[in-house]
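Following: one structure in structure tokens, then a few remarks.
Labels below follow one simple rule: chain letters A, B, ... track the order of the sequence lines, proteins then strands, and each chain is numbered from 1.
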Amino acid sequence: MPKMNMVQAINMALRQEMEKDDSVVVLGEDVGVDGGVFRVTDGLIAQFGPERVIDTPLAESAIAGFSIGMAVSGLRPVCEMQFSGFSYFAFHQMEAHAARMRGRSLGGLSVPMVLRAPYGGGVRALEHHSESREIYWAHTPGLKMVIPSTPRTARALLLSAIRDPDPVVFYEPKALYRAFREEVPEEEETFPIGTSRIALEGKDITMISYGASLRPTLEAATELREKDGIECEIIDLLTISPLDDTLFTESIRKTGHAIVVHEAPRSFGAGAEIVTRIVEKSFLFMEAPVRRVTGFDVVIPYYQREQEYLPGVFRIVAAVRETLKF
Amino acid sequence: MPKMNMVQAINMALRQEMEKDDSVVVLGEDVGVDGGVFRVTDGLIAQFGPERVIDTPLAESAIAGFSIGMAVSGLRPVCEMQFSGFSYFAFHQMEAHAARMRGRSLGGLSVPMVLRAPYGGGVRALEHHSESREIYWAHTPGLKMVIPSTPRTARALLLSAIRDPDPVVFYEPKALYRAFREEVPEEEETFPIGTSRIALEGKDITMISYGASLRPTLEAATELREKDGIECEIIDLLTISPLDDTLFTESIRKTGHAIVVHEAPRSFGAGAEIVTRIVEKSFLFMEAPVRRVTGFDVVIPYYQREQEYLPGVFRIVAAVRETLKF
Amino acid sequence: MPKREIDLPYRIEYLSILDENGQLDSALDPHLPDDLLLRLYQGMVLARKFDERMLVLQRQGKIGTFAPTKGQEAQIGAAANLAKDDWLVPSFREAPSEVWRGKSMESVLLYYSGYNEGGRVPEGGRDLPVSVPVGSQPLHAAGIAYTLKYRRTNNVAMTFFGDGATSEGDFHEALNFASVFQVPVVFVCQNNQWAISLPRSRQTHSRTIAQKALAYDMPGLQVDGNDILAVYQAAKEAVDRARQGEGPTFLELITYRLSLHTTADDPTKYRKQEEVKEWEKRDPITRFAKYLTEKGLLTEQKIEEIANRVISDIRSAEEAWSTRTEKGVDPLDMFTHAYSQLPPNLLDQKEELRLELQAKRVQSDQQANVRD
Amino acid sequence: MPKREIDLPYRIEYLSILDENGQLDSALDPHLPDDLLLRLYQGMVLARKFDERMLVLQRQGKIGTFAPTKGQEAQIGAAANLAKDDWLVPSFREAPSEVWRGKSMESVLLYYSGYNEGGRVPEGGRDLPVSVPVGSQPLHAAGIAYTLKYRRTNNVAMTFFGDGATSEGDFHEALNFASVFQVPVVFVCQNNQWAISLPRSRQTHSRTIAQKALAYDMPGLQVDGNDILAVYQAAKEAVDRARQGEGPTFLELITYRLSLHTTADDPTKYRKQEEVKEWEKRDPITRFAKYLTEKGLLTEQKIEEIANRVISDIRSAEEAWSTRTEKGVDPLDMFTHAYSQLPPNLLDQKEELRLELQAKRVQSDQQANVRD
Ligand SMILES: Cc1ncc(C[n+]2csc(CCOP(=O)(O)OP(=O)(O)O)c2C)c(N)n1
Ligand SMILES: Cc1ncc(C[n+]2csc(CCOP(=O)(O)OP(=O)(O)O)c2C)c(N)n1
Ligand SMILES: [Mg+2]
Ligand SMILES: [Mg+2]
């Protein structure tokens with residue numbers, strides 16, 4: 001299997017699906033001639049032409065609203081928000097229409113669109129280029145919210161997202177775009193939206209994470225095994241909403257201990273929902289409070305301070321030790 | 001003390017503060033000549049004139065962005081979103097600027113604005129006029145999110161919000177606008193943002209709620225006392241963010257049991273944060289899982305079905321009994 | 001100081017064919033076939049009578065808040081240019097056009113009486129459902145038009161919105177996208193002079209709304225929106241242009257909201273009755289009736305006949321609606337169309353609600369027994 | 001078919017005073033005092049040299065991504081019309097104007113090297129900080145202008161944004177609000193022909209951007225944006241109009257982004273080098289230098305002198321910046337300006353971070369000791 005980074009894997013998913021299905025179109029700012037500011041759509045316009053790889057004017061609400069119109073009329077638009085920090089310009093279109101069209105029309109119309117956006121910190125970017133606010137989408141009924149964590153999961157999930165009959169918000173951890181390579185099969189591979197996966201098996205404690213935070217979580221697990229002999233089990237959510245709580249439920253019933261790791265601000269973040277699901281479904285198995293290892297409740301600072309904002313290996317390791325000490 | 005409903009109480013707060021401080025201006029759609037679609041700003045234009053009570057064109061992002069400009073330059077705008085369901089058109093302005101101006105300028109500039117919006121169901125309204133999505137604001141660093149539950153708290157909190165140096169999103173439970181009257185002192189009364197209150201004292205179980213849901217919660221408590229002899233303690237949050245967890249922490253340490261009640265969709269809702277705070281701060285006092293009594297993870301249905309969507313007395317009573325049975 | 005003028009072929013024109021007294025400017029006569037003229041007349045009468053009937057039902061508490069369309073019935077002239085397989089993207093004051101296009105009055109009644117069932121789209125699904133967020137719909141029409149162009153059809157999309165909607169950023173973005181991509185869409189602004197309490201003059205500083213098309217080098221036209229012949233003709237030219245691949249057009253229909261903004265509104269707070277009286281003289285239906293009568297297509301008796309026909313249509317729609325509503329609703333339906341398939345959290349929540357409803361029934365039965 | 005034309009006094013004019021070869025159209029000479037002419041020249045040279053220096057620092061990895069301003073220095077001509085107590089609302093390509101207004105180059109360097117400290121606003125706080133979300137800033141300028149009018153000052157607000165920004169809904173809403181409320185604001189669009197990879201011609205379908213002012217019956221003017229005299233004069237008329245209570249004005253400055261969109265950008269992917277060459281001939285600085293030389297205000301030696309002065313200014317700013325950055329940062333500052341007062345959750349989180357940093361130090365010290 002060819003090894004590739006996440007940018008190449010996403011590019012492959014788009015290319016292969018566009019070859020297969022002429023209803024798939026890509027649109028957004030600088031996605032065509034420029035190939036996207038992260039080169040995720042590189043080469044697509046050369047292969048599929050400007051009718052299917054559309055450089056749009058600079059207007060996020062229009063990109064989303066236009067995509068909604070395309071989708072109700074039979075296309076499968078994959079639109080890009082250049083950075084998730086600018087996707088809020090399109091928030092009302094997604095909330096009022098993408099998320100509601102199926103219900104509003106009693107299933108007569110649907111909006112099979114994907115809204116892609118790079119999210120997260122750690123790339124020394126300017127303001128608005130580093131946040132992690134997946135909750136805005138996850139809390140919105142009618143939307144699905146997906147965040148891959150590796151090249152292979154990114155490719156498989158994007159394929160599933162494009163084919164999904166419902167609107168999917170697809171956040172790409174930009175810090176992982178070129179961070180590492182993974183084998184990704186040339187032949188088609190999908191991954192069901194709404195299912196998490198076990199990223200590492202263990203018996204002592206459950207670590208629940210997703211997206212960019214999965215890497216430090218894995219590193220922390222290694223350090224904990226080596227230094228403390230602690231065997232961590234890691235659940236990679238992949239889909240934030242609708243949330244799959246089956247795997248982490250099983251896991252904590254086995255380990256009795258858990259932490260949640262994400263970059264987003266802590267309060268009212270995804271961690272809260274996960275802790276609550278554990279309380280609701282596994283209360284009697286909880287041997288200690290589930291700790292949240294997250295960003296803080298402030299705007300992520302500019303890059304001189306962002307590493308101290310982000311939940312890193314040190315913070316994760318400490319949280320695991322505290323939890324097991326409880 | 002004069003008795004008044006919530007509409008009158010909010011109107012009084014606006015009027016009194018505008019009399020006192022000429023930097024306070026009101027703006028929004030139909031807030032002037034019409035007095036607001038709920039009559040909340042009724043009479044203000046007659047008293048203060050169109051320069052201070054501003055009927056704006058139909059554009060929420062502009063109402064918010066314009067208010068941000070007014071606020072950085074010395075005014076204290078109180079802008080209205082006609083319904084919270086349309087406030088998302090202004091979401092990017094609030095997230096990118098109202099919430100960030102202080103931090104971006106290292107305290108050199110601030111945005112002392114209030115964004116008012118009626119929210120919630122139960123008034124047999126059309127689509128987009130009934131939702132409860134306070135999380136979008138509560139999860140946004142730099143904003144404060146307030147939801148009063150009675151005429152008196154509405155008046156006192158709005159006064160505090162107007163005087164607050166930071167931007168405050170102020171959701172008004174429209175189902176309670178004219179639901180009941182309460183004594184509200186003519187003389188000035190404020191209520192500190194970021195503090196909850198005990199709405200009812202009890203010893204058996206803690207009910208945590210806010211806004212429109214407080215009423216059915218109170219009714220449920222009465223029913224439970226009469227029918228089951230259960231004494232419920234009710235915490236009325238009033239401020240959703242920054243969340244005051246001191247009172248409900250004390251309370252559950254006393255009762256060992258709790259439920260959370262809100263209209264918003266359950267997943268990734270305020271209930272999750274509250275349950276998680278309880279786990280983080282009072283784990284060893286928890287005698288049962290904290291139940292969430294909420295709306296469902298769907299768009300609130302049109303009015304023939306909305307009562308079955310909303311968390312009513314029956315649902316709350318059942319949840320309390322289940323929790324105490326655990 | 002002198003500056004070089006950039007020459008731009010700016011023209012914003014105004015089209016009127018039938019004046020307020022039903023007098024035809026014969027130079028502009030679109031020469032529509034008699035049967036179409038009569039169908040347009042009947043469509044307007046139906047819309048008017050249905051609107052009046054809904055107001056009664058609302059006052060009786062049988063339906064909830066709705067947006068009356070009285071005075072804006074000539075909008076049908078625009079929709080009448082659409083083929084069955086063209087697309088209609090309405091906002092919330094287009095019941096006349098929607099019913100003209102085949103939406104049942106029963107579903108209109110269901111929608112306004114709080115049944116999600118009222119959102120069901122007509123067969124073929126090329127009419128989007130009523131949508132409330134002002135200004136957000138034109139973008140959908142532009143996107144649909146992109147599909148129509150991409151698929152090499154010669155269909156078009158037509159979207160309706162109000163004067164207030166033109167202040168929303170989405171309106172600007174929609175016109176910009178439509179013109180940049182030259183898609184077959186017709187933007188129809190129903191300028192009814194008011195956005196709830198805000199008069200047109202305070203909504204925007206420009207003399208006309210039509211001129212906003214100039215910002216995109218898009219053809220823009222102002223039309224007497226109470227003159228159904230002018231509306232028909234203007235829309236026809238726009239639709240033809242779109243079908244021929246000549247891109248979008250913007251139409252401003254000058255009309256008037258003779259009734260309430262919605263049934264929750266009290267216009268006496270913000271507008272003078274005299275103004276309404278003035279506009280009543282320009283009623284689109286009386287004007288057209290006069291013209292058709294002089295043209296010999298209408299007679300007292302024929303008018304009566306048509307009135308009776310539409311009234312009986314309304315009555316049967318109302319009966320269908322009553323039978324439907326007597327059946328009541330199953331609250332569990334609120335989950336049905338949330339997603340293509342119910343995810344686990346919704347399956348659980350649906351089961352929760354099912355049990356709650358069951359328990360409630362048991363309780364009320366018990367209470368009933370107690371009372372016996 | 002014939003329609004009645006609505007007459008609208010549409011004129012969009014173009015202003016150019018100094019041509020590409022520095023030849024003055026003396027009929028249009030604004031007759032600026034010599035010292036101002038020299039200050040404008042020095043301001044542009046400073047901006048150019050500072051920009052070049054930042055590019056070097058970025059390539060050396062000493063600062064992060066930034067947005068070069070090369071070729072757009074004549075924007076200073078607009079900002080130069082503002083009094084100290086007027087307001088400037090920049091986007092992100094206005095470093096020349098910000099520095100002209102008194103922002104220190106040290107803080108520009110701090111901002112682009114990842115220090116929140118770079119956002120500190122100059123004394124008096126009438127310049128908003130750099131703000132990245134395209135198209136969102138003009139609304140703030142309009143709101144500020146409302147305050148200025150409400151307070152009966154005769155101050156004005158000026159805001160800058162790009163050609164791409166005009167596609168955002170917020171742009172439309174800002175111009176509409178400003179014109180409806182007739183507030184003293186000047187909208188300055190730096191049309192540098194590109195929005196990252198999208199050429200002006202694909203950004204919007206209209207021939208000019210200036211004509212978008214017509215949608216609001218707002219005065220709009222297209223200006224040679226590489227001709228600082230024209231920019232100065234056009235802005236002067238707009239600012240005067242605003243001060244006299246005559247409302248907003250929209251200016252389109254025709255200029256060109258000679259350098260990268262940002263240092264993360266590779267323009268060879270989307271534009272031809274020939275195009276850049278063409279525009280280099282229209283460089284705003286060489287043109288102005290030629291004019292000032294012919295006017296006798298500049299000599300070889302004077303040019304040298306000015307160059308040396310600005311270079312030493314840049315050097316001292318760089319030194320101040322280095323000293324500041326050598327001090328390093330306290331991560332705990334990320335909490336300081338989140339709110340006027342830290343709420344409990346942030347006090348807790350700040351303490352958490354403090355302990356974490358402490359523990360980290362302990363750990364690394366231990367590791368250091370181990371190594372010894
Ligand atoms: C985005 C948004 N903001 C506010 C509202 C509330 N509202 C409903 S209709 C209306 C006025 C619309 O005026 P106009 O566009 O002229 O249409 P008309 O009602 O006159 O047909 C308002 C403010 C809404 N539905 N959507
Ligand atoms: C709302 C928003 N969308 C996207 C971006 C990413 N972005 C930054 S600059 C830019 C192009 C801006 O073009 P223009 O307005 O012409 O200004 P210029 O960069 O040419 O000075 C884009 C797309 C952004 N910063 N904000
Ligand atoms: Mg209107
Ligand atoms: Mg540009």
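Across Lys350(D), Glu352(D), Gln349(D), the residue that shares the most heavy-atom pairs under 4.5 angstrom with chain A is Gln349(D). Contact tally against chain A (heavy-atom pairs below 4.5 Å) for Tyr115(D), Phe335(D), Tyr339(D), Tyr270(D): the top residue is Tyr115(D). The choice from Asp163(D), Thr65(D), Asp266(D), Val134(D) that makes the most heavy-atom pairs within less than 4.5 Å of chain A is Val134(D). Put simply, of Arg124(A), His129(A), Glu60(A), the one with the most heavy-atom pairs under 4.5 Å next to chain D is Glu60(A). Ranked by heavy-atom pairs shorter than 4.5 Å toward chain A, the options Lys269(D), Gln363(D), His261(D) are led by Lys269(D). Among Gly64(D), Pro133(D), Ala195(D), Gly118(D), the residue with the largest count of heavy-atom pairs under 4.5 Å with chain A is Pro133(D). The choice from Val298(A), Leu126(A), Asp297(A) that makes the most heavy-atom pairs within less than 4.5 Å of chain D is Asp297(A). The choice from Ser136(D), Ala338(D), Gly164(D) that makes the most heavy-atom pairs within less than 4.5 Å of chain A is Gly164(D).
For chain D, the nearby parts of Phe296(A) are the backbone and the side chain; heavy atoms of each come within less than 4.5 Å. With a 4.5 Å cut-off on non-hydrogen atoms, Ile196(D) touches chain A through its backbone and its side chain both. For Tyr112(D), the parts lying under 4.5 angstrom from a heavy atom of chain A are both the backbone and the side chain. Residue Gln307(A): no heavy atom, backbone or side chain, is found under 4.5 Å from chain D. Interface remark: Leu357(D) contributes side-chain atoms only to the contact with chain A (heavy atom separation under 4.5 Å). Contacts of Val33(A) with chain D are made by both backbone and side-chain atoms, with heavy-atom separations under 4.5 Å. If you measure heavy-atom distances from Ser61(A) to chain D, you find no contacts under 4.5 Å at all. The contact between Ser113(D) and chain A is made by backbone and side chain atoms together, counting heavy-atom distances below 4.5 Å. Both the backbone and the side chain of Asn116(D) come within less than 4.5 Å of a heavy atom of chain A. Looking at Ala359(D), the atoms closer than 4.5 Å to chain A (heavy atoms on both sides) sit in the backbone and in the side chain alike.
Taking the centre of each ring, Phe38(A) and Phe83(A) come in below the 6.0 Å mark.
Under the 30°/60° scheme for interplanar angles, the aromatic rings of Tyr171(A) and Trp137(A) are found to stand perpendicular. Ring orientation note: the planes of Tyr302(A) and Tyr111(D) are nearly perpendicular, at an angle over 60° on the 30°/60° scale.
A donor-acceptor pair is defined here as one N or O able to donate and one able to accept, closer than 3.5 Å; such a pair exists between the side chain of Asp55(A) and the backbone of Gly32(A). The closest donor-acceptor contact from the side chain of Asp30(A) to the backbone of Ser197(D) lies under 3.5 Å. Under a 3.5 Å cut-off, the side chain of Glu351(D) and the backbone N or O of Asp348(D) do not form any donor-acceptor pair. Looking only at distances, a side-chain donor or acceptor of Gln211(D) sits under 3.5 Å from a matching main-chain atom of Thr208(D).
Between Glu356(D) and Lys360(D), at least one side-chain N (NZ, or NE/NH1/NH2) sits under 4.0 Å from a carboxylate O, which counts as a salt bridge. Remark: Lys327(D) does not engage Glu117(D) in a salt bridge, criterion side-chain N to carboxylate O under 4.0 Å. Comment: Asp127(D) does not engage Lys103(D) in a salt bridge, judged by the lack of any side-chain N to carboxylate O separation of less than 4.0 angstrom.
Contact between Ser130(A) and Glu263(A) at its shortest, heavy atoms only, is O-OE1, 4.3 Å.
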